[in-house]
Structures are given as structure tokens and as C-alpha cells.
Novice: 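Provided herewith is a single structure, encoded as C-alpha cells, for subsequent inquiry.
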Amino acid sequence: MSTFSLSDVAATGEPSRGGAWVERLRGALPGLGAALAWAAFGVSCLIRDDVGDWSRTQDVAIAAFVIAALILPGTLATDRLGQTGAWLRQRAPWLVVLGLFLTMWELATAKFALLPLPFFPPPQAIVEVYTDDLPKLAESIFASIKLQLGGYIIGATLGFVTGVAIGWSTSIGYWVHPLLRFIGPLPATAWLPIAFFTFPSSWSASTFLIALATGFPVTVLTWSGVASVSSSYYDVARTLGARSSFLVLKVAIPAALPHVFVGLFMGLGASFAVLVVAEMIGVKAGLGWYLQWAQGWAAYANMYAALLVMSLLCSGAITLLFKVRDRVLVWQKGTVKW
Amino acid sequence: MVAQAAVKPIGHPAVGASIDIGHVSHAFDIDGTKLEVLDDVSLAVEPGEFVALLGPSGCGKSTLLRLVAGLEPPRSGVLREDDIRIKGPHPSRVVVFQDPTLFPWRSVWDNVALGLEAQGILKAQRPRIDAALELVGLSAFRNAYPHQLSGGMAQRVALARALVNDPKVLVLDEPLGKLDSLTRIAMQAELVALWQRKGFTTLLVTHDVEEALVLANRVVVLSDRPARIKADIAVERPHPRHRGDPYLADLRRQILGLLGLEATW
């Protein structure tokens, strides 16, 4: 063997010392890169004075160095860190890109002002929002969650019950179908002006709108789910002695649940849009209101900060719903591609 | 309506009920045209008998079973179980369909529990589920979901789901039709063993002449649609039967002749 390669090691199954060392280095490369990228971000914060007046530049630099220092042993000693190590190793390439992005952002804004201020604030300005404007931001987050959750739960519950009712009973369907056909496709935001003067408070008006946006897709999909249940399931249940309550609760609803979840996902997406619009226009609280308020004061860093939180909340809500679905529809595992 | 079947633990021989089909005719409306499926069918099935209904595909055999099960009322004529008019489905007459139609969101155990749960007696009768699973040899799969089962296993679960109710009449709508031939032969033997042990009346729809001859005491041959009874043949051979038995071969030729297929034999 004159030349040495990794495939030889794999083939013989007897790794020599040199081979193992090369392999370890190769595995650690993304981690090293990530640590370097974050260190570079830290350096970029310190290389020269900021072009503007930001109080958190030093703190951000320290945080970047701390993160770099944590990544380094984290990726080198993955074997000893178990799950955390594997998690870190898998995300190392993303950490590299993130570190580089932050570095460029820092340089392009705070250091050389290549992007126009104040529209493009530097990272430390956004960090400053989280540290110095936290009470107001937290209050907005809390208000948004409260409004969203209330409206969504009301809309999803009513939509589900309506969907089951019209899927099951043709006489209920006779009255509800036309309403659904005319009112359903209307964007919930179109009701905004009417809702805000008919409801006693802007909060109840927004709850109504969010419930409306959620309710329509949930109703339609629950209905189609119930209507598409194979009649042979009902035949089986009936010959085994099932009454109609059993047919609804134990046959129609469980069989329709996969559809219901599609409706819940669509309703969640639609309700986010309504939430933000309602908060921007009528409600005097919440992240939508915070965005509007920040724009009014030309506080662009606050806008970005709020936008980031909003995206985390929305994706968190979607993830949560996925988790619920995975739990409720375990039986689908293996029949459907996830 | 038939009185609620007495609750007996599985394993005790249930006594089969008689089924009396009296001058039953039935038709479907398809796009405004009337499609006759059954034409004046009369058949008396004794308690504990195993009757096979043979007929060309689409002749209305399955419709007759749906009427016996009470899933539909006949257009004219009367069906009786033990001299009581059949007006709707009842767990004393359980159907096993061609597709196992297990509920995919329920585990094997919960599928078998369906009947007792629907009748509201599951809490007191849980051991019966385990006994029924034992009976079809699937105790190890009690927590599996239907999609994890093979076709034969799924059909055995469907059988357990029917038998757990201790039916007086077992209505089988081509239950082995979609199985591979080896599984099919094995399950035919299981079916005969269960029938002998339990004593329920069995009505089997099949398009397989050999299956009918291996299993049933009586083979009823139906005509093309609208179905009419063409012949009622007794199969006087004890179980287990040998597939190569010349007596059965003779009957087979006779039946294929009735179905218009003598040239193929």
C-alpha cells in the first residue's frame, strides 16, 4: 500500500493511527468553521467604532465569542456529549452560515454603513430592543397569544362541530351549505370595518374575525372528511350493534380526523394574517400594534425585533399543532408518508 | 326486533338460529332505471347449517346477504330469524365482508372490541376480546394497527371481531376472496373448525365452487341477475373433506354445468 485513503481503512476494518486522526479532523471541520465564523462576528464588532450610537456592541461581541467558545468543544467532543453533541454536529453547517451572515451584516451596517441607516439597523440595535424594551415587547407578545388562542380555539371548535353536523345530517346541511358558500370564501379581513363598530370592544371584534378565519377551513375539511367516510365502516359498525351516536363519535369523527387536521393547519395560517391586521388597525396591544407603533417612531430595530419574535411564535404554533397531530394520528404512521 | 342476545362467555357452544327467506324480491334504482337483483327467492336455513350461495358475479348474492344482515329492507317478501322478522341489523347476525374493513385508527384489540363497545357491555366483558384473539391465533398482535397486518391476518381479526359477539348466524360475504391460495386453504379449515365448535348457522357467499363444496352442508346455486334459486344441493360428506374426493368432483361438475361452464371442465 503506497498511498493511503479512507476507503482502505473501511475495507480492511483496521484503522491505522493516521487514518483515524484524519477522519476525526474531517468530522470536526464544520464545527471548527462554525466556531471561527462566530469568532469573526465577535471581531467584526470590535474592529472599529460604530458609525452610530449603540450601547450593546461590546455585549454582542462578548456573546459571539462565548458562542464560538461553546461550539468548539461541543463539536470536537461530540462522542462524550451524546445527544447534544449529535444535535450540534448536525447543525454545524447552519452555524457557519449564520456566523458569516452576522459578520457581514455587522460590517455592512454598524462599521461601514454600506446599507442605509436607519432602515437597516445593525445586530446590536436589535439586541438592544430585546434587552432594553423587554417589558413592552413581552406585553405585546402576551396580548397577541391571548387574542390568537381565544379566537383560534373558538373558531376551531365551532368549525369542527358545524363540519360534523353538516357532514352527518342533510337537513342541517341544507341550511348551512349556502351560508358557507357565500360567507366562507370572503377574506375575514373584509369584515374588519363592520366588526369594529358592531362589537362592543375591539378585542371581541378581533376574536370574532380570528374565529371566522379559522372556522371556515376547519368546517369545510371536517365536512368533507365526514362525508368521505366509506359506507362499509358504517355497515360493519351497524351489524355489530352500533347506534347513531356511536356511528358519529366512534366511526365518522375518527375517520375524518386526518382531514380535520388539514383544516386546522389552514385555519392557523389564515388566523395569523387576521391577527396581525386586526392588531394593526383596531386593537391597542399585541405584536401587530407594536410593529405599527415602531414604524410610527421610525424605530426600525424594534420592527425587526418584533418581526423575529412573530415568526418564532407562528412557527412554534405550527410545530405544536404538528406534535398534536402526530400524537392523535399515530395510527397513520406507516400508511401515509410524513 | 330480536331480543338482545344472551351474553355468554366465548367458548360455550352457541346455538345457531334458523333463517327463513320468504319470497324475497329486491331491486335498485340506478339513474331512474329499475335494476332487478333478486326475484322471488325463498330459502329455509336450519339452525346450525352451513349454506353456501354460489352464483355468477354480480347476480345479487351479496345483496341477499345484506338483506339477511338487516342492512337494507327488501322491496317485497319477508326475512325471519328464528321466526322473528328481521327489521334491522343486530349483533346476533354478524357479517364478515370481502374486505376486512378493520378501522385503521383502532388497534387490533380495539377493533375486536368494537361490537361489545357498541352494545355498551365492553367493561364487563373484556376477557372475551382476549379469548376471541386467542381463537384466531393473533394474541401477539393485540396492540398492532391494521396496516401492520397481512391480508390473512387482517381477515382473521375481522373474523374475531364477528365471533366475539357470539353470533347465532355468521354471514360471510366472500371473506376469503382476496387471500392468496395457501392462506385461503388454511383459513377454510379454520372456518370449518370454528363452525363445528360453536354451532352457529353460517351463510357463505362465494364464487369458488371448490370452496363451497369443501365447507358447506348445502350449496344453493343462483341464476344470473335477477337471481333466482336454480338448485339446492346437499353435500353429504363429513368434515374434514378431501379436495380430491370423487363425490365432490362429481358435484363440482354438476354445479359448473348449472353455471353454464360445463365446457371448461
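What you are looking at is a predicted structure, and each value in this text was computed from that prediction instead of being measured. In what follows, chains carry the letters A, B, and so on, assigned in the order in which the sequence lines appear, proteins first and then strands, with residues in each chain numbered from 1. Both backbone and side-chain heavy atoms feed into the values below; hydrogens, waters and symmetry mates do not.
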Novice: Name all residues meeting the salt bridge (Lys or Arg N to Asp or Glu O under 4.0 Å) criterion together with B:D173; count only those two or more places apart in sequence or in a different chain, and write none if there are none.
Specialist: none

Novice: Report, as yes or no, whether the 6.0 Å neighbourhood of atom CH2 on A:W168 holds more than 12 heavy atoms from other residues, nucleotides or ligands.
Specialist: yes

Novice: Should the heavy atoms of other residues, nucleotides or ligands under 6.0 Å from CD of B:E134 be counted, would the total exceed 12?
Specialist: no

Novice: If we ignore hydrogens and angles and just use 3.5 Å, is the side chain of B:Q119 paired with the main-chain N or O of A:A242 as donor and acceptor?
Specialist: no

Novice: Step through the shown structure and confirm whether more than 12 heavy atoms of other residues, nucleotides or ligands are within 6.0 Å of CZ on B:F28.
Specialist: yes

Novice: Would you mind checking which part of B:R106 comes under 4.5 Å of any heavy atom in chain A, side chain (CB onward), backbone (N, CA, C, O), both or neither?
Specialist: side chain

Novice: Look up atom OH in B:Y145 and atom CH2 in A:W331, then write down how far apart they are to the nearest 0.5 Å.
Specialist: 9.5 Å

Novice: Between B:E117 and chain A, which part of the residue has a heavy atom less than 4.5 Å away: side chain, backbone, both or neither?
Specialist: both

Novice: Can you name the closest pair of heavy atoms from B:P91 and A:G241 and give their distance?
Specialist: CD-CA, 3.8 Å

Novice: Rounded to the nearest 0.5 Å, what separates atom CD in A:Q332 from atom NE2 in B:H147?
Specialist: 9.0 Å

Novice: Taking CH2 in A:W203 as the centre, count heavy atoms belonging to other residues, nucleotides or ligands within less than 6.0 Å. Is the count above 12?
Specialist: no

Novice: What are the two closest heavy atoms between A:V251 and B:F103, and how far apart are they?
Specialist: CG2-CE2, 3.7 Å

Novice: Evaluate the side-chain contact (heavy atoms from CB on, under 4.5 Å) criterion for residues A:F246 and B:L114: first the C-alpha distance (whole Å), next the side-chain angles of each, then the deciding distance (0.1 Å), finally the verdict.
Specialist: CA-CA 10 Å; A:F246 188 88; B:L114 207 60; 4.0 Å; yes

Novice: Please name all residues satisfying side-chain contact (heavy atoms from CB on, under 4.5 Å) with A:A143, sequence neighbours left out, ordered by chain then number.
Specialist: A:A285

Novice: Who in residues 221-239 of chain A is close to chain B, using a strict under-4.5 Å heavy-atom cut-off?
Specialist: A:S232, A:Y233, A:D235, A:V236, A:A237, A:R238, A:T239

Novice: Could you tell me which portion of B:L102 (side chain, backbone, both or neither) has an atom closer than 4.5 angstrom to a non-hydrogen atom of chain A?
Specialist: backbone

Novice: Taking side-chain hydrogen bond (donor to acceptor under 3.5 Å, both in side chains) as the definition, give me every residue that meets it alongside A:H259, ordered by chain and number, with sequence neighbours left out.
Specialist: none

